[in-house]
Number of protein chains: 2
Amino acid sequence: MADEALSAGAVARRLGVAVTTLRTWHQRYGLGPSEHVPGHHRRYTPADLARLETMRRLTANGVAPAEAARWAVQAPDTGPPGAGVGAGKRSARDGGGATIPVGRSGPAARGLARSAMRLDSNAINEVIDRAIRTDGVVTTWDTLLRPVLAGIGERHVATAALIEVEHLVSRCVSEAFAAVVRAHAPDGPPRLLLSCADEEQHSLPLEALGAALAEAGIAHRLLGARVPVRALLEAVNRTGPAAVVLWSQTRSTADPAQLTALLTGPQRPLLVFAAGPGWRAGSLPAGVVRPVDLAEALSLAAAVRDSLDQSAAG
Amino acid sequence: MADEALSAGAVARRLGVAVTTLRTWHQRYGLGPSEHVPGHHRRYTPADLARLETMRRLTANGVAPAEAARWAVQAPDTGPPGAGVGAGKRSARDGGGATIPVGRSGPAARGLARSAMRLDSNAINEVIDRAIRTDGVVTTWDTLLRPVLAGIGERHVATAALIEVEHLVSRCVSEAFAAVVRAHAPDGPPRLLLSCADEEQHSLPLEALGAALAEAGIAHRLLGARVPVRALLEAVNRTGPAAVVLWSQTRSTADPAQLTALLTGPQRPLLVFAAGPGWRAGSLPAGVVRPVDLAEALSLAAAVRDSLDQSAAG
DNA sequence: TACGAGTTGCGTCGATTCATGCGTCGAATT
DNA sequence: AATTCGACGCATGAATCGACGCAACTCGTA
């Protein structure tokens with residue numbers, strides 16, 4: 001670690017705020033140099049600077065300063081500031097429709113596919129539950145459920161068959177996620193709102209995120225599929241979440257106007273996540289964070305975890 | 001400083017009610033911050049919040065707000081004996097406001113409606129689970145869930161609002177039924193196939209039937225919504241069920257040809273049920289049984305099971 | 001079965017309170 | 001000499017307050 005210790009003025013200039021504000025943030029929110037003896041000059045380490053960067057970015061997104069400071073204090077790095085997202089690698093696009101739709105996704109996937117073809121919901125449930133219990137929600141989703149569902153989906157659009165299989169598996173997956181959410185008691189008021197974009201009917205990925213959040217002890221609200229913009233704004237207005245995750249599976253449902261409506265809504269500004277492969281990186285309004293996969297969405301949401309809402313300060 | 005001095009907005013968001021409602025509760029029932037000078041902002045201490053939590057819990061169970069407030073003021077963490085669906089004395093009148101019309105469906109229905117308006121999925125789950133545990137699936141469906149869902153639906157078609165509420169409640173109901181199915185281990189191979197009619201997207205009644213069947217120890221398969229005729233025949237052909245229940249919610253999805261196709265298929269099931277209000281009694285092909293409600297469908301299915309057992313034993 | 005009375009949640013409006021960023025000042029630090 | 005420190009104060013926009021009213025629902029009654 002470079003032991004560079006930035007002075008208050010340097011930090012203030014870098015952040016674009018006044019020196020006095022730094023002092024104010026320190027004494028009001030405790031957001032200052034980690035080691036500081038009263039009366040002496042403040043020396044900001046890179047870690048302190050990172051905290052202040054988080055504070056600046058959150059406040060720039062409209063988060064109330066008191067709340068933003070709380071997040072910044074306990075979660076130094078809440079993800080990329082928006083620049084690094086564009087370099088998102090196109091993740092595995094499992095091309096090639098082979099005879100076995102799951103490809104090389106492991107034996108569990110093959111077993112699941114077989115149970116699905118047999119319409120054996122008990123076996124499906126058993127496989128999914130065990131995978132979740134063993135590997136957790138994220139891994140199960142990425143390495144088991146998504147491949148199988150993608151395989152069924154490809155086959156379905158190609159052959160116009162397997163519709164009943166797709167429905168059954170979707171139901172089982174949904175139920176498994178719901179069971180995870182039910183098993184983990186929520187530890188506080190839900191400050192996270194998950195919703196599908198307008199006309200978007202694929203809610204399973206969002207349910208996966210919800211289950212992963214529950215697994216991590218993070219409370220949330222999940223609205224479901226096909227949420228019109230008006231209904232979404234209504235829900236935001238009513239519950240006032242700290243962050244909203246809007247899922248879009250396909251390009252046709254990824255209308256950036258929905259994000260803009262969220263950011264300019266009557267309710268207080270908030271963090272907005274644009275999740276799902278539908279969104280185009282270039283056309284997103286400013287202030288929208290775009291996680292590339294489930295794991296990143298989870299870690300981003302974790303930054304909001306322990307923030308008990310209280311806008312009062314003493 | 002008291003690190004827990006919640007502002008009015010924060011509390012309102014946490015409870016899922018409007019800020020105005022909080023003020024109303026204060027001046028109508030005296031349910032407010034313990035220390036509050038008129039004109040100043042309200043600061044809710046944890047004790048005050050606990051009181052409001054009690055208020056929320058009681059109203060979620062259908063207690064009239066005035067009475068719930070009386071309880072919450074004097075006993076922050078106690079409640080009246082939580083009773084089942086039909087219980088509860090009607091001591092106080094129950095008003096309206098921004099809620100869902102449930103008519104005379106009992107206090108639990110009103111509590112569920114209030115929780116739904118608050119988008120409080122935890123409270124919704126709690127109410128539903130307890131009702132199912134106390135009164136069983138059939139009674140819960142007929143006297144609690146269906147009235148509330150019908151109320152939401154009516155208001156939804158009239159006002160084009162409450163879509164998010166409808167989705168949330170539907171999800172919770174679906175999850176509750178799924179939990180019932182999971183909790184009761186199936187005792188044999190499923191000889192019963194439940195499926196929605198083609199284009200039919202309301203699968204909740206079928207899920208209710210599925211949960212009731214599971215509760216009675218009858219194994220079944222549930223395909224889900226929007227099952228094309230070809231997919232249904234495919235599933236019947238593959239699994240060879242003894243009976244098939246085909247659900248149709250509205251007249252537009254009740255094509256009798258689907259029933260005829262079932263009866264003339266190669267793997268002809270022993271019995272075909274045409275369930276749901278969509279079917280017209282006159283236009284059903286011969287050999288199709290039409291249960292009028294959930295209870296009748298359940299008893300018919302039980303009869304099928306028993307006859308199968310007898311034939312297997314003999 | 002229709003209607004009035006009682007209840008309840010919440011929107012609106014003008015006034016007030018509060019949180020926040022920053023300027024200023026005398027003393028201390030580098 | 002150049003900053004920075006701690007303390008205080010100020011301007012401003014957001015949040016809230018109190019009051020009022022409205023629409024909707026339930027229930028008792030005719």
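In what follows, chains carry the letters A, B, and so on, assigned in the order in which the sequence lines appear, proteins first and then strands, with residues in each chain numbered from 1.
What separates CZ of A:Arg42 from P of C:dA28 is a distance of 17 Å, to the nearest Å. If you take NE2 of B:His26 and P of D:dA19, they are 12 Å apart, rounded to a whole angstrom. Atoms CG (B:Leu162) and P (D:dA24) sit 12 Å apart, rounded to a whole Å. For the pair B:Leu22 CG and D:dG18 C1', the computed distance is 14 Å after rounding to whole Å. To the nearest angstrom, P of C:dG21 lies 12 Å from CG of A:Leu52. C:dT8 atom P lies 13 Å from atom CG of B:Leu31, rounded to whole Å. Between the P atom of C:dC22 and the CZ atom of A:Arg13 lies a distance of 14 Å, rounded to the nearest Å. In this structure, the CE atom of B:Met55 is 12 Å from the C1' atom of C:dT7, given to the nearest Å.
Under the rule for a salt bridge (Lys or Arg N to Asp or Glu O under 4.0 Å), the partners of A:Glu234 that lie at least two apart in sequence or sit in another chain are A:Arg238. Every residue meeting the salt bridge (Lys or Arg N to Asp or Glu O under 4.0 Å) condition with B:Arg114, not counting sequence neighbours, appears here in chain and number order: B:Asp94.
Within the 3.5 Å criterion, the main-chain N or O of A:Asp48 finds a donor-acceptor partner in the side chain of A:Thr45. Although no hydrogens or angles enter the test, the distance criterion places no donor-acceptor pair under 3.5 Å between the side chain of A:Glu53 and the main chain of A:Leu49. Using a distance-only test at 3.5 Å, with no hydrogens or angles considered, no donor-acceptor pair links the side chain of B:His167 to the main chain of B:Arg171. Not one N or O on the side chain of B:Thr134 forms a donor-acceptor pair closer than 3.5 Å with the backbone of B:Ala131. Checked by atom type and distance alone, the side chain of A:Asp255 never pairs as donor or acceptor with a backbone atom of A:Gln258 at under 3.5 Å. Between the side chain of B:Glu200 and the backbone N or O of B:Gln249 there is at least one donor-acceptor pair closer than 3.5 Å. A:Trp279 places a side-chain N or O within donor-acceptor distance of the main-chain N or O of A:Ala275, the cut-off being under 3.5 Å.
Of the residues near DNA chain D, A:Gln27 and A:Ala10, the one whose nearest nucleotide (by heavy atom distance) lies more toward the 5' end is A:Ala10. Looking at which nucleotide of DNA chain D each of B:Arg110 and B:Ala8 is closest to, the 5′-most match is held by B:Ala8.
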Please list each protein N or O that sits under 3.5 Å from an N or O in nucleotides 10-13 of chain C, with the distance.
unit_1 : atom_1 : unit_2  : atom_2 : d
C:dC10 : OP2    : B:Ala18 : N      : 3.2
C:dC10 : OP2    : B:Thr21 : OG1    : 2.3
C:dC10 : N4     : B:Thr24 : OG1    : 3.2

Table of protein N/O atoms under 3.5 Å from nucleotides 14-18 of chain C N/O atoms:
none

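Look at B:Arg114 and you'll find a side-chain N or O under 4.0 angstrom from OP1 or OP2 of C:dG9. For the OP1/OP2 pair of C:dA19 and a distance below 4.0 Å, the side-chain nitrogens and oxygens of A:Tyr29 include no atom meeting the criterion. An OP1 or OP2 oxygen of D:dT26 is reached within less than 4.0 angstrom by no side-chain nitrogen or oxygen of B:Arg104. At least one side-chain nitrogen or oxygen of A:Trp25 sits closer than 4.0 Å to the OP1 or OP2 atom of C:dG21.
Between the two ends of the helix from C:dT1-D:dA30 to C:dT30-D:dA1, each summarised by a five-pair axis, the helix axis turns through 40° (rounded to 10 degrees).
For the side chain to side chain donor-acceptor pair (under 3.5 Å) with B:Asn61, the lone residue among B:Arg130, B:Glu126, B:Arg56 that qualifies is B:Arg130.
Residue A:His36 is classed as a sugar-phosphate contact, given heavy-atom separations below 4.0 Å to backbone atoms only.
The list of side chain to side chain donor-acceptor pair (under 3.5 Å) pairs with a residue in residues 19-31 of chain B, not counting sequence neighbours, reads B:His26-B:Arg42.
Checked by atom type, the side-chain pair B:His156/B:Glu154 shows no donor-acceptor distance below 3.5 Å.
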